[in-house]
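In what follows, chains carry the letters A, B, and so on, assigned in the order in which the sequence lines appear, proteins first and then strands, with residues in each chain numbered from 1. The model shown is predicted, which means the values in this text are computed figures rather than measured ones.
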2 protein chains.
Amino acid sequence: MENTIKKILALGLREESLPKLLPLFEKIMLPKGHMLIKAERLERFVYFIEEGIARAFCHKDGKEITFWFGSESDILLSYNSLFLNKPGYENIELLKSSVLYKLPHSALQNLYGTDLEWANWGRKLAESELIKLEEFFIARQFKTAKMCYEDFMKSSPDILQRVQLGHIASYLGISQVTLSRIRAEIK
Amino acid sequence: MENTIKKILALGLREESLPKLLPLFEKIMLPKGHMLIKAERLERFVYFIEEGIARAFCHKDGKEITFWFGSESDILLSYNSLFLNKPGYENIELLKSSVLYKLPHSALQNLYGTDLEWANWGRKLAESELIKLEEFFIARQFKTAKMCYEDFMKSSPDILQRVQLGHIASYLGISQVTLSRIRAEIK
DNA sequence: GATAAAATTTTACAATTGTTAAAAAAGAAA
DNA sequence: TTTCTTTTTTAACAATTGTAAAATTTTATC
């Protein structure tokens, strides 16, 4: 569970605190296409991606919008379910067959309520995601579709390789036709 | 300090825990146009807006991008400074003369490191901002400029009234000319 | 109230992007 | 391989949006 532990420690936890959580993990392997999390349902688990790739999407005005990609060392969860205990808008599907570590919300929430170090770990998790999202949001303001794609090529070359282009276009907020045009032009 | 306390309690703090923080607040009044936080500097304070309105902006490719508005009951801070202890990209200016409560980062950080309830308060602060930003981000994917403006009218009518249109156009990621066209059309 | 400064709207034109539909290419299954 | 399905690209056209510059309106200052 190398990638999973790397992720946990990167958020500033001391190694000595790991044993409080690790025994609660369940290792699971799931095939490509599996829907891990579905919208409008209260989800009861978070998943650490040990190996594999996933995307989160929701439905808006009949369209499917991809708003997140995760791969090795990322955590996969429904914000609404974990943070607010209510059903969310998130659908999360595996794009490749994957190895995950599964953890009940209740395990995290118990630690948050009783252990100062884990409460601060949870704080740093949310803070780091917040900064990442804000930077992505700002980076995209006033960019042309071409610039957005070039940024994506630089920041996420691995995802570009592993994910189909329709999902990437959706993630970038552009039509697939526009993405194709840009790719033809860049070559 | 009604609005400030309302904000703190809304994140799930028990009233009995307030005295640990309140004495450390300093009340300040500042005029319109005051730059509270400047980019490329390590900021040492967070501010609770008791009364007034502010915007955060950064510079990107020579352009000024407004990416946040805050008013009564919002907290005003540099994510990079508070979360990562490093200079940020955020500039924050007051758009009206304002009444604020000023708090040193060190006060919050001490509480996070010693008090379970406050550590969880900090976690919830980041989590709630994260959900808000993600929803805003998703809401904007594939929307026309007109839809973005209509959403903004609904969700932030007070800010629309109090902030000049150039800043709102920037926040929505559209040019001011486009915003003017939309407003002419809607009437 | 008069004047200057700042913010907003309008105009004209060019560039980017979306939509629909069809063609081509790539991948999966028999 | 051959066939079927899915994904990606291309084409044609329409709609949206940006840019630059000028005109108008609003706000601030004397």
Side-chain angles (χ1 to χ4, degrees), chain A residues 31-35 53 55 57 59-66 69 93-97 138-153 156-157 159-187, chain B residues 31-35 52-55 57 59-66 69 93-97 138-153 156-157 159-187:
Chain A
K32 172 174 173 173
H34 183 86
M35 290 292 308
I53 193 161
R55 74 168 179 127
F57 64 96
H59 294 279
K60 203 97 192 171
D61 313 319
K63 279 183 190 170
E64 194 182 282
I65 297 178
T66 294
F69 291 113
E93 94 174 303
L94 296 178
L95 299 177
K96 305 279 176 196
S97 76
I138 292 172
R140 245 185 40 189
Q141 291 283 71
F142 297 105
K143 293 227 162 159
T144 60
K146 188 177 172 186
M147 287 167 165
C148 289
Y149 180 67
E150 287 170 340
D151 286 357
F152 186 79
M153 282 200 300
S156 310
I159 291 178
L160 185 59
Q161 289 308 314
R162 298 162 80 190
V163 172
Q164 66 189 57
L165 293 172
H167 295 149
I168 291 171
S170 168
Y171 180 69
L172 297 176
I174 62 181
S175 72
Q176 180 162 356
V177 174
T178 297
L179 181 56
S180 253
R181 272 194 283 243
I182 290 163
R183 284 162 57 85
E185 187 193 347
I186 283 178
K187 274 175 214 155
Chain B
K32 173 175 173 170
H34 183 87
M35 290 292 307
I53 194 161
R55 74 169 178 126
F57 63 95
H59 294 278
K60 203 97 192 173
D61 312 320
K63 278 183 190 171
E64 195 183 284
I65 297 179
T66 295
F69 291 114
E93 98 175 298
L94 296 177
L95 298 177
K96 305 280 174 196
S97 77
I138 292 172
R140 244 185 40 189
Q141 290 284 68
F142 297 104
K143 294 228 163 158
T144 60
K146 189 178 172 185
M147 287 165 164
C148 289
Y149 179 68
E150 285 170 340
D151 286 357
F152 187 80
M153 281 200 301
S156 311
I159 291 177
L160 186 59
Q161 289 308 315
R162 299 162 80 189
V163 172
Q164 66 189 57
L165 294 172
H167 294 149
I168 290 171
S170 168
Y171 181 70
L172 297 176
I174 61 180
S175 72
Q176 181 160 358
V177 174
T178 297
L179 182 55
S180 253
R181 274 193 281 242
I182 289 164
R183 285 162 56 85
E185 186 192 347
I186 283 178
K187 269 176 219 156

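- A:Ile168 CD1 to A:Leu160 CG: the interatomic distance, rounded to the nearest 0.5 Å, is 4.5 Å.
- The side-chain heavy atoms of A:Lys60 and B:Phe142, taken from C-beta on, include no pair separated by under 4.5 Å.
- In terms of the side-chain contact (heavy atoms from CB on, under 4.5 Å) criterion, residue partners of B:Glu150 (sequence neighbours excluded) are, by chain and number, B:Lys146, B:Met153, B:Ile186.
- Applying the salt bridge (Lys or Arg N to Asp or Glu O under 4.0 Å) test to pairs two or more places apart or on separate chains, those with a residue in residues 159-180 of chain A are A:Glu72-A:Arg162.
- The terminal axes of the helix from C:dG1-D:dC30 to C:dA30-D:dT1, fitted over 5 pairs per end, subtend an angle of 50° to the nearest 10°.
- Residues that satisfy the ring-ring contact (aromatic ring centres under 6.0 Å, His included) test with B:Phe152, not counting sequence neighbours, are B:Tyr171.
- Summary of the strand contacts: B:Gln176 and A:Ser180 both lie near DNA chain D, and taking for each the nucleotide with the nearest heavy atom, the more 5' one is attributed to A:Ser180.
- At least one side-chain nitrogen or oxygen of A:Thr178 sits closer than 4.0 Å to the OP1 or OP2 atom of C:dG18.
- Annotation: proximity of residues 139-147 of chain B to DNA chain D (heavy atom, distance under 4.0 Å) is found for B:Thr144, B:Ala145, numbered in ascending order.
- Comparing A:Gly173 and B:Gln164 by the nucleotide of DNA chain C whose heavy atom lies nearest to each, the residue mapping closer to the 5' end is B:Gln164.
- Across all non-hydrogen atoms, the minimal contact from A:Ile138 to B:Ile65 is O-CD1, 4.1 Å.
- A pairwise comparison of heavy atoms in A:Ala139 and A:Asp151 identifies O-OD2, 4.4 Å as the closest pair.
- At the heavy-atom level, B:Arg183 lies under 4.0 Å from the strands shown only through sugar-phosphate atoms.
- The CZ atom of A:Arg140 lies 7.0 Å from the CG atom of A:Leu172; values are rounded to the nearest 0.5 Å.
- When heavy atoms are screened at a 4.0 angstrom cut-off, B:Leu179 is found touching no nucleic acid atom at all.
- Taking the side-chain hydrogen bond (donor to acceptor under 3.5 Å, both in side chains) definition, one finds that B:Glu64 meets it with B:Arg55, sequence neighbours left out.
- Here A:Lys32 pairs with nothing under the side-chain contact (heavy atoms from CB on, under 4.5 Å) rule; sequence neighbours left out.
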Sugar-phosphate or base contact per nucleotide [nucleotides 21-30 of chain C; S, B, -; heavy atom under 4.0 Å] | ----------

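- Every residue two or more places apart in sequence or in another chain was checked for a side-chain hydrogen bond (donor to acceptor under 3.5 Å, both in side chains) with A:Gln176, and none qualifies.
- Every residue meeting the side-chain contact (heavy atoms from CB on, under 4.5 Å) condition with B:Arg181, not counting sequence neighbours, appears here in chain and number order: B:Val177, B:Thr178.
- Shown here are the ring-ring contact (aromatic ring centres under 6.0 Å, His included) partners of B:His59, two or more places apart in sequence or in another chain: B:Phe57.
- Atom CZ of B:Arg181 and atom P of C:dA12 are 12 Å apart (whole Å).
- Think of the region where chain B sits on DNA chain D: with heavy atoms and a 4.0 Å cut, that region ends 5' and 3' at D:dT17 to D:dA20.
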